[in-house]
There are 2 protein chains.
Amino acid sequence: MAKRPRVVIVGAGFGGLAAIRALRHVNVDVTIVDRNNYHLFQPLLYQVASGLLDPSAIASPVRTIVRRSRNVDVLRAEVTAVDLARRRVTTSAESLDYDYQVIASGSVTDYFNNQDARKRSTGLKDLGEALSLRSRLLGAFERASLVDDADTRRRLLTFAIVGAGPTGVEYSGAVAELIKHVLPKDYRHIDFAEVSVVLIEAGDRILATFAPRLSRLATRSLQQKGVRIVLGKSVRGIDDHGIVLDGGERIETENVVWTAGVRATTPLDLEGDALARSRRVKVTPQLHLADHPEVFVIGDAAACEQGGTVLPMLAPVAIQGGKYVGEVIAARLASETTPPFHYHDKGTMATIGRGAAVAQIGPIRINGLIGWFIWIFIHLLYLVGFRNRALALWSWAWNYFFWDRPVRLIITNAGDN
Amino acid sequence: MAKRPRVVIVGAGFGGLAAIRALRHVNVDVTIVDRNNYHLFQPLLYQVASGLLDPSAIASPVRTIVRRSRNVDVLRAEVTAVDLARRRVTTSAESLDYDYQVIASGSVTDYFNNQDARKRSTGLKDLGEALSLRSRLLGAFERASLVDDADTRRRLLTFAIVGAGPTGVEYSGAVAELIKHVLPKDYRHIDFAEVSVVLIEAGDRILATFAPRLSRLATRSLQQKGVRIVLGKSVRGIDDHGIVLDGGERIETENVVWTAGVRATTPLDLEGDALARSRRVKVTPQLHLADHPEVFVIGDAAACEQGGTVLPMLAPVAIQGGKYVGEVIAARLASETTPPFHYHDKGTMATIGRGAAVAQIGPIRINGLIGWFIWIFIHLLYLVGFRNRALALWSWAWNYFFWDRPVRLIITNAGDN
């Protein structure tokens, strides 16, 4: 009996899991490698960072998710290298030979070689960062409540978010609500006129990938919550006590969150022409490397052109890519051909807090409460598992009815393994 | 107008919070100091460590709990010293002068000067330790699934718990259930005959503070779950790969949880005669220091004799002590006298897992499913706040109906602040 072809999938994000689902009944052995033992529902990470959701509402063990796919092995390890010629993936635990490889390794925060930004700000891309941000924000209030000097206090109580894409907008809205509705009850001695949230964007509007009208609505909504929005200024420098913007304005703050950019991360050793903007790997219309048809790259890690533009770094692109690649592998094993990948844009959306979201679905623009209900529905649909859906829905209802963000814990020394 | 008397409370555990409630309508200013920003419901800590509950189900922000007590300030700081003569508490943040002090600083893991035990085992007394235990247990399975050598694998998959008081018994029952009902579905390549849970107790029975019949029932229940119980052996040494018991038996394991003892911890600089067993501070029948009637010590930190025995280290003792001390302070301000503290024993209980608990309430001994329902009822009653009650009840129902322990996350770098 011939050995079954082996598929190695790098990354258990949206793309990797979609590929596993598509390969479930295909005659292959699959190994999925991820450094974490959980799949993270990244679009809701800002809700962990702002004290609304517990980590377990948006993170599920990979092994549990893939339980029913009998042809899948899970390896918790860091992928350190890929040898394309020998078809071998090296990891921190063991080496894996493959017949097909699916690279779905996603993206990381891009500091654009700004070392100050890297050292003195926190990204919002993984669970560790989200929990750290939660502790830092609450810690800043604790420290400020002990400080007599008004300047120091204001600096501790200024929360700067750099970058007004969906993550920056959603996080700053959530922080503004936390500050407006929840924390004044806990910190009675703090003068909340000294607290401020600043959203800094180098471009000329927030949510630049959305229609201008939705940007305007989101701007108004954030401003009503008390967020100061600075447009058209990039960050020139960050030091221990503040940010300096282009043009020289200085913002005194000890709390900087960096959501200004992401770049692809892959274990491939590629440079120059092989990479597109944001270090995404150029792929063919079939989502594989030009000279290695057995190596697929999907999701944030891949630069896939469609209709003259590169597909955006969004969960649906990764999910559809993973499904497509699973089907391509099945087709190749059956010696069939497949049409090129076609991404079907079902729309994009962002929440700006309590009862307000913006969404664009094809030519349709939706905002306000209806947008928010659609947002809830879509996100529940994509959350893994009934328990996570129930926990998230419960938390959102709790927040909506009690104006509360209950998970305000500063936990230190958590998980030293 | 005379300055209001100032009460400093050290510790936001059961005792400290009970004192705050009792002082709510008393004409004093209260400051409560704790190193954490949350109150921890310690009796359920083992459920976080075994992946059933999220931290936020058993931890609530102190500031939120005391919101309605308008005479209370919260200080998140470490208490470093107490100057009894000058009536001043020094903390890592600021110094506090007091007219009355309530020391409710609880207890910590006692390794009985066994440095190996301290270095090579984990306690189960705070949230950081519980989350670390959760990560370590899951990490051991991840590592074992990569190991070819059977001895190494068995060592990684042996979980030793030292000390069979309520914490050790409850935790080993929870771990045994996790291993029996949940993990085999996730780790299909692991031979679960190689997995073992060992509970080691120096005394001649587990749950020594309970009636012998309940000890026997708990023993049988744990053994049915697959826990090996070793009695009458103390731990002579722990190294990187195992435990050596009195008499020479060696247990190969890399996972040792130490629940063999606790000792009181207070910021008081006391030695010798001032301390009782487990370094608990001797107090008068009014729960204050003999030569400092303005300094009260309650809960685990205090050694209070009643009817010839010292009251046990249990939440109800701390709660009743806190309430009593609040009333004593109110009475003194009104120049009234108070009777000595009298602890009313409402009973003790311990769960041994799914649908089984032992309880003794006065002369009554209860076990099995009825004990378990009483356990659930009592614990819901004492959990702080509706949200935590709902979350815990939800998690227990989830576990009961789906045989699942869903919070199986290995989170690293969480909370570096």
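Lettering of chains follows the sequences in order, A, B, ..., and the numbering in each one begins at 1.
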Checklist outcome for this item: Whatever's closer than 4.5 Å to a heavy atom in chain B on A/L138 counts as side chain

Checklist entry - For A/R70, is it the side chain, the backbone, both or neither that has a heavy atom under 4.5 Å from a heavy atom of chain B? => result both

Checklist entry - How about A/R120: does its CZ atom have over 12 heavy atoms from other parts shown lying under 6.0 Å from it? => result yes

Next on the checklist: Are A/R4 and A/V28 packed together at the side-chain level, in the sense that at least one heavy-atom pair is separated by less than 4.5 angstrom?
Outcome noted: no

Item to check | Residue that, paired with A/V30, satisfies side-chain contact (heavy atoms from CB on, under 4.5 Å) out of A/V66, A/V8, A/V74, A/I9 | outcome: A/I9

Item to check | Atom group of A/V62 that falls short of 4.5 Å from chain B, counting heavy atoms | outcome: neither

Checklist outcome for this item: If one checks every heavy atom of A/V147 against chain B at 4.5 Å, the contacting part turns out to be neither

Checklist entry - Where does the angle between the aromatic ring planes of B/F141 and B/F159 fall among parallel (under 30°), tilted (30 to 60°) and perpendicular (over 60°)? => result parallel

Next on the checklist: For A/R63, give me all partners under side chain to side chain donor-acceptor pair (under 3.5 Å), at least two apart in sequence or on another chain.
Outcome noted: B/E142

Item to check | Toward chain B, the part of A/D73 with a non-hydrogen atom under 4.5 Å | outcome: side chain

Next on the checklist: If we define contacts as heavy-atom pairs under 4.5 Å, which of A/D54, A/L75, A/D126, A/L133 has the most with chain B?
Outcome noted: A/D54

